[in-house]
*Asks:* 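Just passing along the structure, written as structure tokens.
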There are 2 protein chains.
Amino acid sequence: MSSGRRPLSQTQERVLALLVAAGKPLSAYDLLHLLRHEGVNAPPTVYRALDRLVRDGLAHRIESLNAFVACSRPHHQDMASFAICDACGVVAEFGDGELQSRLEALSERTGFQAERTTVELRGRCAACAAHGHGHGHVHAH
Amino acid sequence: MSSGRRPLSQTQERVLALLVAAGKPLSAYDLLHLLRHEGVNAPPTVYRALDRLVRDGLAHRIESLNAFVACSRPHHQDMASFAICDACGVVAEFGDGELQSRLEALSERTGFQAERTTVELRGRCAACAAHGHGHGHVHAH
DNA sequence: CCGCAACTGATATAGTATAACAAAACAGTT
DNA sequence: AACTGTTTTGTTATACTATATCAGTTGCGG
Ligand SMILES: [Zn+2]
Ligand SMILES: [Zn+2]
Ligand SMILES: [Zn+2]
Ligand SMILES: [Zn+2]
């Protein structure tokens, strides 16, 4: 039998390293541009590596940004939520037991069987809210 | 002074009507195809109508689907959450005071100032979970 | 009438994601 | 080593989602 899961491939390691280094969400095409120097030059390669990382719980997709971020507590089983600063781009990942309980209670009541839950707060982080970075925007370019 | 907000334009009305009739999320391009018969033939027209409807609280964007759905309780001020069935495509919109309080408490603690909150549950609705529609997928085509 | 704001038309372009198929790499088995 | 099933990669092409830009229009208040 196969004990544990496969190790990451070279590409998967590279993508994860880039996400960790960035410390904020990168789009698949951001990653692709960063990897052009290293022989990766097609979208599917990047998307496949991302699929693996997300399946494995090493990265998350941020739906409201169409982007990906390294998991801050790899392989956790509970659901993840995100607070995303629109001024500086930083993302805080947090787990919230009460939030999760609340959503599970809802499933109980309604019979809806959730397989995946997205919770994303968009706004300003404490630092940016203080600083008068009140109306800036992060640009991907 | 201008009492109340402007009425919806013809295009905006049509887009809203289509969303209501569909009873589930439609992509901007789904709407565009439906409107081709009526002289609308460019994406920006549809996106602009959708912007207006979303700004006005008559429709919501579902981030995890890149699609739009009519609001089930127009103009509500509290945050909306969504349970989306991946088998039959139906979306249930719900407001949950406790959920909202929980998220507001979080903002309080961390200083994060949320301007927009996305809560989306993906899974199977009660009917589909019962029926053994256990592994189907909804296709947009 | 004038000016302003919102909306539209039209064209082009940017950004995000997957389909499909062939080839290579890898691990476990015989 | 040879065989087998699975995973990953390469490559090309294509589909889907969204915005930029600029000109023209419409509706309304001053
Ligand atoms: Zn995580
Ligand atoms: Zn910030
Ligand atoms: Zn609503
Ligand atoms: Zn269903």
*Asks:* Rounding to 10 degrees, work out the angle separating the end axes of the helix from C:dC1-D:dG30 to C:dT30-D:dA1 (five pairs an end).
*Replies:*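 Answer for the end axes of this duplex: 30°.
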*Asks:* Taking NZ, NE, NH1 and NH2 as the nitrogens, is one of them in A:Arg52 or A:Asp56 under 4.0 Å from a carboxylate oxygen of the other?
*Replies:* yes
*Asks:* Taking atom P of C:dG15 as reference, at what distance in whole Å does atom OH of B:Tyr47 sit?
*Replies:* 15 Å
*Asks:* So, under a plain 3.5 Å distance rule, would you say the side chain of A:Tyr29 forms a donor-acceptor pair with the base of C:dA17?
*Replies:*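 Indeed, a donor on one side and an acceptor on the other fall under 3.5 Å apart.
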*Asks:* Within this structure, what is the CZ-to-C1' distance between A:Arg48 and C:dC21, rounded to whole angstrom?
*Replies:* 11 Å
*Asks:* How many Å lie between CG on B:Leu50 and P on C:dT8, as a whole number?
*Replies:* 11 Å
*Asks:* Report yes if a side-chain nitrogen or oxygen of A:Arg52 is closer than 4.0 Å to either non-bridging phosphate oxygen (OP1 or OP2) of D:dT8; otherwise report no.
*Replies:* yes
*Asks:* Mind checking side chain to side chain contact (heavy atoms under 4.5 Å, CB included) for B:Arg61 and listing every partner two or more places apart, or none if nothing turns up?
*Replies:*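 Testing B:Arg61 for side chain to side chain contact (heavy atoms under 4.5 Å, CB included), a comparison that skips the adjacent residues, returns B:Glu63, B:Asn66, B:Phe68.
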*Asks:* Among residues 58-66 of chain A, which contact DNA chain C at a heavy-atom distance under 4.0 Å?
*Replies:*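 By residue number: A:Arg61, A:Asn66.
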*Asks:* Is there a residue in residues 33-45 of chain A whose heavy atoms reach under 4.0 Å of DNA chain D, and which residues are they?
*Replies:* A:Asn41, A:Ala42, A:Pro44, A:Thr45
*Asks:* What residues, two or more places apart in sequence or in another chain, satisfy side-chain hydrogen bond (donor to acceptor under 3.5 Å, both in side chains) together with B:Thr45?
*Replies:* none
*Asks:* Quick one: which of D:dT8, C:dT8, C:dC7 gets closest to the side chain of B:Arg55?
*Replies:*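 Among the listed nucleotides, the one closest to the side chain of B:Arg55 is C:dC7.
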*Asks:* Whole angstroms only, please: what is the CG-C1' distance between B:Asp51 and C:dT8?
*Replies:*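 In whole Å, C:dT8 C1' lies 14 Å from B:Asp51 CG.
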*Asks:* Expressed as a whole number of angstroms, how long is the span from A:Gln12:CD to D:dT8:C1'?
*Replies:* 7 Å
*Asks:* side-chain hydrogen bond (donor to acceptor under 3.5 Å, both in side chains) with B:Glu13: which residues, sequence neighbours excluded?
*Replies:*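 Not a single residue meets the side-chain hydrogen bond (donor to acceptor under 3.5 Å, both in side chains) criterion with B:Glu13.
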*Asks:* Output all residues satisfying side chain to side chain contact (heavy atoms under 4.5 Å, CB included) with A:Leu34, sequence neighbours left out; order by chain, then residue number.
*Replies:* A:Leu18, A:Leu26
*Asks:* What residue pairs, at least two apart or across chains, pass salt bridge (charged side-chain N to carboxylate O under 4.0 Å, His left out) with a residue in residues 67-85 of chain B?
*Replies:* B:Arg73-B:Asp78, B:Arg73-B:Glu93
*Asks:* Nearest-Å distance, CD (A:Gln10) to P (D:dT8)?
*Replies:*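 About 14 Å, once rounded to whole Å.
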*Asks:* Can you tell me the distance, in whole Å, between the CG atom of A:Leu32 and the P atom of C:dA14?
*Replies:* 16 Å
*Asks:* Take a 6.0 Å sphere around CD of B:Glu38 and say whether it holds more than 12 heavy atoms from other residues, nucleotides or ligands.
*Replies:* yes
*Asks:* Report the residues that fulfil salt bridge (charged side-chain N to carboxylate O under 4.0 Å, His left out) with A:Arg48, sequence neighbours left out, ordered by chain and then residue number.
*Replies:* none
*Asks:* Tell me whether the OP1 or OP2 atom of C:dG15 has a side-chain N or O from A:Ser27 closer than 4.0 Å.
*Replies:* no
*Asks:* Between P on C:dA6 and CG on B:Leu8, what's the gap in Å once rounded to a whole number?
*Replies:*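 Spelled out: CG on B:Leu8 to P on C:dA6 is 15 Å.
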*Asks:* Look at B:Arg124 together with A:Glu115 and state whether they make a salt bridge at an N to O cut-off of under 4.0 Å.
*Replies:*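 Result for this pair is yes, salt bridge flagged.
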*Asks:* Name all residues meeting the side chain to side chain contact (heavy atoms under 4.5 Å, CB included) criterion together with A:Asp96; count only those two or more places apart in sequence or in a different chain, and write none if there are none.
*Replies:* A:Phe94, A:Glu98, A:Leu99, B:Arg102, B:Leu106
*Asks:* What residues, two or more places apart in sequence or in another chain, satisfy side chain to side chain contact (heavy atoms under 4.5 Å, CB included) together with B:Ala17?
*Replies:* B:Arg14
*Asks:* With sequence neighbours excluded, what pairs up with B:Ser107 under the side-chain hydrogen bond (donor to acceptor under 3.5 Å, both in side chains) test?
*Replies:* none
